*Asks:* 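Below you'll find the structure I mean.
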Amino acid sequence: MNVLANGAVERELEAALVIDASGRGSRALHWLSSLGISGIREGTVGSGLAYASRFCQATTRLDDFPVVNVQAEPRGSPPGQAAALIPIEHGRWLISLSGTRGGEPTAEDEYFVPFALQLKHSLVSMLIREPHHSRRSP
């Protein structure tokens, strides 16, 4: 296969294995097929990571409000659980909760805040505890 840079052939690249870690929206098979590469065998490996996201009305002013990120505890035992709270337009937050196998957030609205409450730090749950959730993210 030729590697292209700015539309010109840069060099030829040989590979017995190509790993695409771009996720379920990957276009790698399409791109490889369009290059005339056939006989592609595809395998997938589940990451074990699940997430649930919501928009909610911010419970505080968003002027210069920072992104809040609570990481999974690296020294603890699995499952890892995390949260991100991102200020967005119209006075809202985008909140994403994530967890690895055995600690996944669910798609059920009534478990969203309780999941945030069990994180290693309560900052995100304190901010979203108010019942201002509007809808799931797309």
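None of these values were measured; they are calculated from a predicted model.
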*Asks:* Mind checking side-chain hydrogen bond (donor to acceptor under 3.5 Å, both in side chains) for Arg41 and listing every partner two or more places apart, or none if nothing turns up?
*Replies:*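 Checked Arg41 against side-chain hydrogen bond (donor to acceptor under 3.5 Å, both in side chains); zero matches.
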
*Asks:* Where do Ser98 and Pro105 come nearest, in terms of heavy atoms and distance?
*Replies:* C-CD, 3.9 Å

*Asks:* Okay, side chain of Ser96, backbone of Ala84: is any donor-acceptor separation there less than 3.5 Å?
*Replies:*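 Looks like no, no N/O pair under 3.5 Å.
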
*Asks:* Roughly how far, to the nearest 0.5 Å, is the CG atom of Asp20 from the OG1 atom of Thr44?
*Replies:* 11.5 Å

*Asks:* Answer with yes or no whether the hydrophobic clustering places Ile37 together with Trp31; edges join I, L, V, M, F, W, Y residues whose side-chain heavy atoms lie under 4.5 Å apart.
*Replies:* no

*Asks:* Donor-acceptor pair, Thr59 side chain versus Leu127 backbone, under 3.5 Å?
*Replies:* yes

*Asks:* Mind listing the closest non-hydrogen atom pair of Pro79 and Arg101 along with its distance?
*Replies:* CB-O, 3.4 Å

*Asks:* Working to the nearest 0.5 angstrom, can you tell me the gap between Cys56 SG and Leu94 CG?
*Replies:*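 Cys56 SG to Leu94 CG: 9.0 Å, rounded to 0.5 Å.
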
*Asks:* When hydrophobic residues are tied together by side-chain contacts of less than 4.5 Å, even through go-betweens, does Leu117 share a cluster with Trp93?
*Replies:* yes

*Asks:* What I'd like to find out is whether the side chain of Ser53 reaches to under 4.5 Å of the side chain of Ile95, using heavy atoms alone.
*Replies:* no

*Asks:* Only counting residues at least two apart or in another chain, list the ones meeting ring-ring contact (aromatic ring centres under 6.0 Å, His included) with Tyr111.
*Replies:*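 ring-ring contact (aromatic ring centres under 6.0 Å, His included) check on Tyr111 returns nothing, list empty.
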
*Asks:* Using atom types as modelled and distance alone, determine if a side-chain donor or acceptor of His121 lies under 3.5 Å from a backbone N or O of Leu123.
*Replies:* yes

*Asks:* Which heavy atom of Ala52 sits nearest to which heavy atom of Thr106, and what is that distance?
*Replies:*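 That closest heavy-atom pairing would be CB-O, 3.6 Å.
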
*Asks:* Got more than 12 heavy atoms from elsewhere within 6.0 Å of CD1, Ile19?
*Replies:*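 Open.
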
*Asks:* By side chain to side chain contact (heavy atoms under 4.5 Å, CB included), which residues pair with Gln118, not counting sequence neighbours?
*Replies:*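 By the side chain to side chain contact (heavy atoms under 4.5 Å, CB included) rule, Gln118 matches Gln81, Phe115.
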
*Asks:* Distance-only, no hydrogens or angles: does the Gln71 side chain make a donor-acceptor pair with backbone N or O of Ala82 under 3.5 Å?
*Replies:*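 Not at all, since once roles are kept as given, no pair shorter than 3.5 Å links the two residues.
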
*Asks:* Look up atom CG in Leu32 and atom CZ in Arg27, then write down how far apart they are to the nearest 0.5 Å.
*Replies:* 11.5 Å

*Asks:* Starting at CG of Leu85, measure out to CZ of Arg54 and round the result to the nearest 0.5 Å.
*Replies:* 14.0 Å

*Asks:* Give the minimum heavy-atom separation between Ala72 and Gly80, together with the two atoms involved.
*Replies:*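 Closest pair (atom of Ala72, atom of Gly80, distance): CB-CA, 3.8 Å.
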
*Asks:* To the nearest 0.5 Å, what is the distance between CD1 (Ile88) and CZ (Phe65)?
*Replies:* 13.0 Å

